[in-house]
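Since the structure comes first, as structure tokens, the remarks are kept for the end.
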Number of protein chains: 2
Amino acid sequence: MNNVRFATSLHILTLLALNEGVYLSSDFIAGSVNVNAAAIRKEISNLKLCMLVESKEGKGGGSILARPASQIKLSDVYDAVKQVHVLGRSNTPNPDCPVGKEVNRHLEALYEDTDDYVRQKLTTVTLKDFVQKFG
Amino acid sequence: MNNVRFATSLHILTLLALNEGVYLSSDFIAGSVNVNAAAIRKEISNLKLCMLVESKEGKGGGSILARPASQIKLSDVYDAVKQVHVLGRSNTPNPDCPVGKEVNRHLEALYEDTDDYVRQKLTTVTLKDFVQKFG
DNA sequence: TGTACTGTATAAATTTTGATTACAGAATGA
DNA sequence: TCATTCTGTAATCAAAATTTATACAGTACA
């Protein structure tokens, strides 16, 4: 998870939450996040798949939250961008070694427990909670 | 944290724990993990800095645990390999935007809370606990 | 119909990560 | 002393992941 996807998605959602009901363009969002608008549109495309935002095409179009910020949890953002385990990846150890043969089974179990733990933690914070920190 | 360092370090420590008191060579370990011996030595070099293993140079040399497996926690492994936040990196947002200006402060706080949470969880599992899963 | 958007593909550039090679230096023991 | 077997570390290269940039078709609006 050595990327900026969580940061980008949360930034997008924060902007939308602070402008609830207003359609924000990818150009506007890109200006705040300071990345290319196409990258924003790609991330928004994913957030749409996850039912977190809705978009309107054409002139005057843009994106809004799919539901109130109080009903979006940070675990939803985590789920939206999750690609790998928070503790990293496994090796491809030697199956002819007694340890190598079963280490990945135990390691993956630990990885998944840890992911679940993080996810659980993030269910306790809503987007509204996060946005309220902004002055 | 999109790398195999946690996996590699834990694999190394597992081998050492299962052979407590015996000096294992980097070649032997590399054979089990299935990576180059130099990579293992590099990872061991880091584990030494973290006081988790000790090495002996020269013929008959190798590495052993610096203390019993019951006194090594998985959070020690986490600390040893930690480079980035578990949820990823931040962007470099636009400081001229009200949101861009302060998003990283809140985001980093969340990142650090989450890291601490994971770390805390991993303090509850010792290397001995992990190794006991092996049949 | 012109303008302002989204959606998406593709390519290029950059950064991160991993693999490999090489070799100096340390310890051992014949 | 000397050959052997290790560690420690640097340097390089290859591969993979990530980010950036460009382009353009399609949609909606006025």
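Chain identifiers are assigned alphabetically (A, B, ...) following the order of the sequence lines, protein sequences preceding nucleic acid strands; residue numbering begins at 1 within each chain. Side chains are part of it too, since the values below use all heavy atoms of this structure and drop only hydrogens, waters and symmetry mates.
Around NZ of A:Lys82, the count of heavy atoms belonging to other residues, nucleotides or ligands within 6.0 Å exceeds 12. Atom NZ of B:Lys128 is surrounded by 12 or fewer heavy atoms from other residues, nucleotides or ligands within 6.0 Å. Annotation: B:Lys42, atom NZ; neighbour count of heavy atoms from other residues, nucleotides and ligands within 6.0 Å does not exceed 12.
Legend: residues meeting side-chain hydrogen bond (donor to acceptor under 3.5 Å, both in side chains) with B:Ser32, ordered by chain and number and at least two apart, are B:His11. Among residues two or more places apart in sequence or in another chain, the salt bridge (charged side-chain N to carboxylate O under 4.0 Å, His left out) test is passed with B:Glu108 by none. Residues passing the salt bridge (charged side-chain N to carboxylate O under 4.0 Å, His left out) test with A:Arg5, sequence neighbours excluded: A:Glu43. With sequence neighbours excluded, the residues forming a side-chain contact (heavy atoms from CB on, under 4.5 Å) with B:Ser75 are B:Lys73, B:Arg119, B:Leu122, B:Thr123, listed by chain and number.
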Give the B/S/- string for nucleotides 17-25 of chain D, one per nucleotide from 5' to 3', where a protein heavy atom under 4.0 Å of the base yields B, of only the sugar-phosphate yields S, and otherwise -. SSSSBBB--

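The CD1-P distance, from B:Ile40 to C:dT20, rounds to 13 Å in whole Å.
Between A:Phe6 and B:Tyr111, the two ring planes are tilted [angle within 30° to 60°].
Contacts between residues 43-67 of chain B and DNA chain C, defined by a heavy-atom separation under 4.0 Å, are made by B:Glu57, B:Gly58, B:Lys59.
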